[in-house]
Amino acid sequence: MSKYVIGYTSGVYDLFHIGHLNLLKNAKGLCDKLIVGVTTDELVSYKNKRAVIPFSERIEIVRNIKYVDAAIAQEEIDKYKMWEKIHFDVLFVGDDWYNSPSWNEMESKFEKVGVRVVYFPYTKGTSSTLLNETLIKLRET
């Protein structure tokens, strides 16, 4: 009998767009249960940014995507701390982190506990940052 696979991914999911949907859809295709961490407003501000959509609304949007089995608050950057809480089998991240020193270290940590890290390519031509910049430009005209 094959093992029940729990997947985990996380993000801000601000100005939800097709790239977010593609990531969640692809992640769900590689696991039985997909848990999604939605970054809290406090953690977003720690990165010197600010979400346009408040956390309570962002998590509700993510929670209602058909590929998502559970949406939870992501209150810390450290994905390993989340693993200690929910013990997922596979972690899905964007390929912009691939081969970075911090993620190479994180990957080796996860390898020791049997977690596979899967990198997904970002959807070209769309991002929340790009959408936000476009909206600002539109409002200025």
State, with a plain yes or no, whether a side-chain heavy atom of [X] is found less than 4.5 Å away from one of [Y].
{"X": "M82", "Y": "I72", "result": "yes"}
{"X": "F110", "Y": "V90", "result": "no"}
{"X": "L43", "Y": "V12", "result": "no"}
{"X": "V68", "Y": "L24", "result": "yes"}
{"X": "L21", "Y": "F16", "result": "yes"}
{"X": "V62", "Y": "E60", "result": "no"}
{"X": "Q74", "Y": "V38", "result": "no"}

Could you grab the distance from atom [atom1] of [X] to atom [atom2] of [Y], nearest 0.5 Å is fine?
{"X": "H17", "Y": "N22", "atom1": "NE2", "atom2": "CG", "result": "9.5 Å"}
{"X": "D69", "Y": "C31", "atom1": "CG", "atom2": "SG", "result": "7.0 Å"}
{"X": "F88", "Y": "R116", "atom1": "CZ", "atom2": "CZ", "result": "13.0 Å"}
{"X": "L34", "Y": "I6", "atom1": "CG", "atom2": "CD1", "result": "10.5 Å"}
{"X": "T9", "Y": "K28", "atom1": "OG1", "atom2": "NZ", "result": "13.5 Å"}
{"X": "R58", "Y": "D14", "atom1": "CZ", "atom2": "CG", "result": "6.0 Å"}

Could you walk me through whether D89 and V115 pass the side chain to side chain contact (heavy atoms under 4.5 Å, CB included) check? CA-CA 5 Å; D89 304 295; V115 172; 6.0 Å; no
Run the salt-bridge test on [X] and [Y] with the 4.0 Å N-O cut-off and return the result as yes or no.
{"X": "E84", "Y": "K81", "value": "no"}
{"X": "K3", "Y": "D32", "value": "no"}
{"X": "D41", "Y": "R50", "value": "no"}

Can the ring centroids of F55 and Y13 be said to lie less than 6.0 angstrom from one another? no
Are the ring centres of F92 and F120 closer than 6.0 Å? yes
Which of parallel (below 30°), tilted (30 to 60°) and perpendicular (above 60°) describes W103 and Y119? perpendicular
Check the angle between the aromatic planes of H87 and W83 and answer parallel, tilted or perpendicular using the 30° and 60° thresholds. perpendicular
Here the pair of heavy atoms bringing S10 nearest to K79 is OG-CE, 3.0 Å
